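Keep in mind the model is a prediction, meaning the values are calculated, not measured.
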Amino acid sequence: MLGATNLMRSHTQTSHIRLKRTFVVVTVAREKFITPGPKKDTKKQKKIKFDPTDELWKSDINLNEDITKALGGVALLEKERKSGDPFKQRAYENAIYIITSYPARIISGAEAKKLQGIGSSIANKIDEILKTGTCESLKEKQEDAELFETFSQVFGVGPVAAKRFVDKGYKSISDLANDPDLTDMQRLGIKYVDDFKLMIPKVEAQGLIHYVQDVLKELSPAYIGIACDGHRRELSETNSLYMAITHPNYTSSPSTDPGRLLLDLTDALTDLGFLTDHISSGILKYWVRWESIEGSTI
DNA sequence: GCGACACCGCATAACT
DNA sequence: AGTTATGCGA
DNA sequence: GTCGC
């Protein structure tokens, strides 16, 4: 939460809106969420540390594209196989990023291993890539990895579900629609798979924000609703929209909060026909899909 | 060799 | 029925 | 997966 004022600290809600094609997400931030955590101290490093701001690392072209490409494939396979261990995944991404930025041709795994972020496992793979041009494991499972990536694009489908779909033999997103075990969120994700990829131009998002703010004002003039995230950062377009809403009398307490702050708003927006599909809904979080109203200027 | 690598709310499944 | 675990998004 | 203890 940016600029956590006293107001934000005691009571906060976020609303995420996406349009035309649109989605609204509303969350109430808890005190814990905006409390800055402890800083970790960095230690000495004997390995060569990657610093993207250093002139030394400024490389316009990737001199090791064969390596990073193969590693990218291996990373995807690992993700598919292990249903996405986030730490392993990050380790691969980090290594690929470093090698891509490396301003010289890598001629051995040992050379790469000197870099902080590249250990023996990736060093060995680099040797294999340099020797054979690829990794053995890549050849057989390439298609699975690609399908895994495709299915992962669906909102509500994570590594576990994506892997399940691959194992079931599905070949396209349209195949997923018939799966008997889809969650509601996944059904919506399939329905709006293209929709979710659309960006919301700034001007359009502003209209949405004002619309929500007007509805909020009508509920109670004391309500406060402000845009966050991409809008706050003045981006020309965003792929989603968040709002934080609150009220002077509101305090976020899971045990006592009846959730009315959020529900009053979403009920009103639903009655107006503004909200359509409800992705999820709770006391602290409310996600919905919404359509622009026919003839409306927003 | 072994834990850290950020955290949390919600929906749903898997428990008891 | 209530409780805990898992998957997911961000 | 890599790193640091």
Q: Kindly list each side-chain donor-acceptor pair under 3.5 angstrom involving residues 148-161 of chain A, sequence neighbours excluded, with atom names and distances?
A:
residue	atom	partner	partner atom	Å
A/T150	OG1	A/E146	O	3.1
A/S152	OG	A/F148	O	2.7
A/Q153	OE1	A/K197	NZ	3.4

Q: Where do A/I129 and A/C135 land on the side chain to side chain contact (heavy atoms under 4.5 Å, CB included) test, with the steps shown first?
A: CA-CA 6 Å; A/I129 293 162; A/C135 281; 3.8 Å; yes
Q: Are A/T183 and B/dA11 close enough that a side-chain N or O sits under 4.0 Å from OP1 or OP2?
A: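 A/T183 to B/dA11 OP1/OP2: no side-chain N or O under 4.0 Å.
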Q: Round to a whole Å and report the spacing from CG of A/D85 to P of C/dC8.
A: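 Rounding to the nearest Å, CG of A/D85 and P of C/dC8 are 14 Å apart.
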Q: Nearest whole Å is fine: how far is B/dA13 C1' from A/M185 CE?
A: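 Between C1' of B/dA13 and CE of A/M185: 15 Å.
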Q: Separation of A/Q153 atom CD from C/dA10 atom P, in whole Å?
A: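 My rounded result for the distance is 14 Å.
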Q: If I pick the P atom on B/dA6 and the same atom on B/dC10, what distance separates them, to the nearest angstrom?
A: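 Going atom to atom, P in each nucleotide, I get 22 Å.
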Q: Would you indicate what A/L115 reaches in the nucleic acid, counting non-hydrogen atoms under 4.0 angstrom: base, sugar-phosphate, or nothing?
A: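 Result for A/L115 = sugar-phosphate.
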Q: If the threshold is 4.0 Å, N to carboxylate O, is there a salt bridge linking A/D144 and A/K141?
A: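 Salt bridge: yes.
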Q: Tell me: CG of A/L76 to P of D/dG1, nearest whole Å?
A: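 From A/L76 CG to D/dG1 P: 14 Å.
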Q: Find the distance A/D181:CG to B/dA14:C1' and express it as a whole number of Å.
A: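 Atom CG in A/D181 sits about 14 Å away from atom C1' in B/dA14.
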Q: Under 4.0 Å, heavy atoms only, any strand: does A/S120 hit a base, just the sugar-phosphate, or nothing?
A: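 The residue A/S120 makes sugar-phosphate contact but no base contact.
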Q: From the list B/dT12, D/dG1, B/dA11, which nucleotide is the closest neighbour of the side chain of A/E78?
A: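 Minimum distance to the A/E78 side chain belongs to D/dG1.
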Q: Between A/E111 and A/I106 (side chain of the first, backbone of the second, donor and acceptor by atom type, cut-off under 3.5 Å), is there such a pair?
A: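 Between the backbone of A/I106 and the side chain of A/E111 there is no qualifying donor-acceptor contact (under 3.5 Å).
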Q: Does B/dG3 have a Watson-Crick or wobble mate here (both distances under 3.5 Å), and if so which one?
A: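 B/dG3 is paired, partner D/dC3.
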Q: Output the single nucleotide from B/dT12, C/dG9, B/dC10 whose closest atom is nearest the side chain of A/S280.
A: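 When the side chain of A/S280 is considered, B/dC10 is the closest of B/dT12, C/dG9, B/dC10.
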Q: Please determine, by modelled atom types, if A/S108 and A/D127 share a side-chain donor-acceptor pair under 3.5 angstrom.
A: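 Side chains of A/S108 and A/D127: no pair found under 3.5 Å.
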Q: I need the CD1-P distance between A/I279 and C/dG7, as an integer number of Å.
A: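 Checked: the CD1 to P distance equals 21 Å.
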Q: By the 4.0 Å heavy-atom rule, please label A/V74 as base, sugar-phosphate, or nothing.
A: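 Contact class for A/V74: none.
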Q: Of the listed nucleotides (D/dG1, B/dA11, B/dT12), which one gets closest to any side-chain atom of A/S281?
A: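 So the side chain of A/S281 is nearest to B/dA11.
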Q: Which part of the nucleic acid, if any, lies within reach of A/A161 when heavy atoms closer than 4.0 Å are counted: base, sugar-phosphate only, or nothing?
A: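 The answer is sugar-phosphate, as A/A161 gets under 4.0 Å only of primed atoms, P, OP1 or OP2.
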Q: Check this for me, if you would: do A/D214 and A/K217 make a salt bridge, where the nitrogen-to-carboxylate-oxygen distance has to be below 4.0 angstrom?
A: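 No salt bridge links A/D214 with A/K217.
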Q: Looking only at side-chain atoms of A/Q116, point me to the closest of D/dC3, B/dA11, D/dG1.
A: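 The listed nucleotide nearest to A/Q116's side chain is D/dC3.
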Q: Give the rounded distance in Å between these two atoms: CG of A/N124 and P of D/dT2.
A: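 A/N124 atom CG is separated from D/dT2 atom P by 9 Å.
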Q: For the C1' atoms, the ones on B/dC7 and on C/dG7, what distance do you get once it is rounded to whole angstrom?
A: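 Taking atom C1' in both B/dC7 and C/dG7, they lie 16 Å apart.
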Q: Can you tell me the distance, in whole Å, between the CG atom of A/D184 and the C1' atom of C/dG7?
A: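 In whole Å, C/dG7 C1' lies 14 Å from A/D184 CG.
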Q: Throw together a table of side-chain donor-acceptor distances under 3.5 angstrom for residues 88-100 of chain A, partners on residues two or more places apart or in other chains.
A:
residue	atom	partner	partner atom	Å
A/K88	NZ	A/E78	OE1	3.0
A/T100	OG1	A/I96	O	2.7

Q: Picking from B/dA11, C/dG9, D/dT2, which would you name as closest to the side chain of A/F155?
A: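 Minimum distance to the A/F155 side chain belongs to C/dG9.
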Q: Below 4.0 angstrom, which residues in residues 86-96 of chain A have at least one non-hydrogen atom near DNA chain C?
A: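 The stretch gives none, as no residue of it lies under 4.0 Å from the strand.
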Q: Start with the C-alpha gap between A/N62 and A/Y102, add the side-chain angles, then the distance that decides, and say whether side chain to side chain donor-acceptor pair (under 3.5 Å) holds.
A: CA-CA 7 Å; A/N62 181 0; A/Y102 193 65; over 6 Å; no
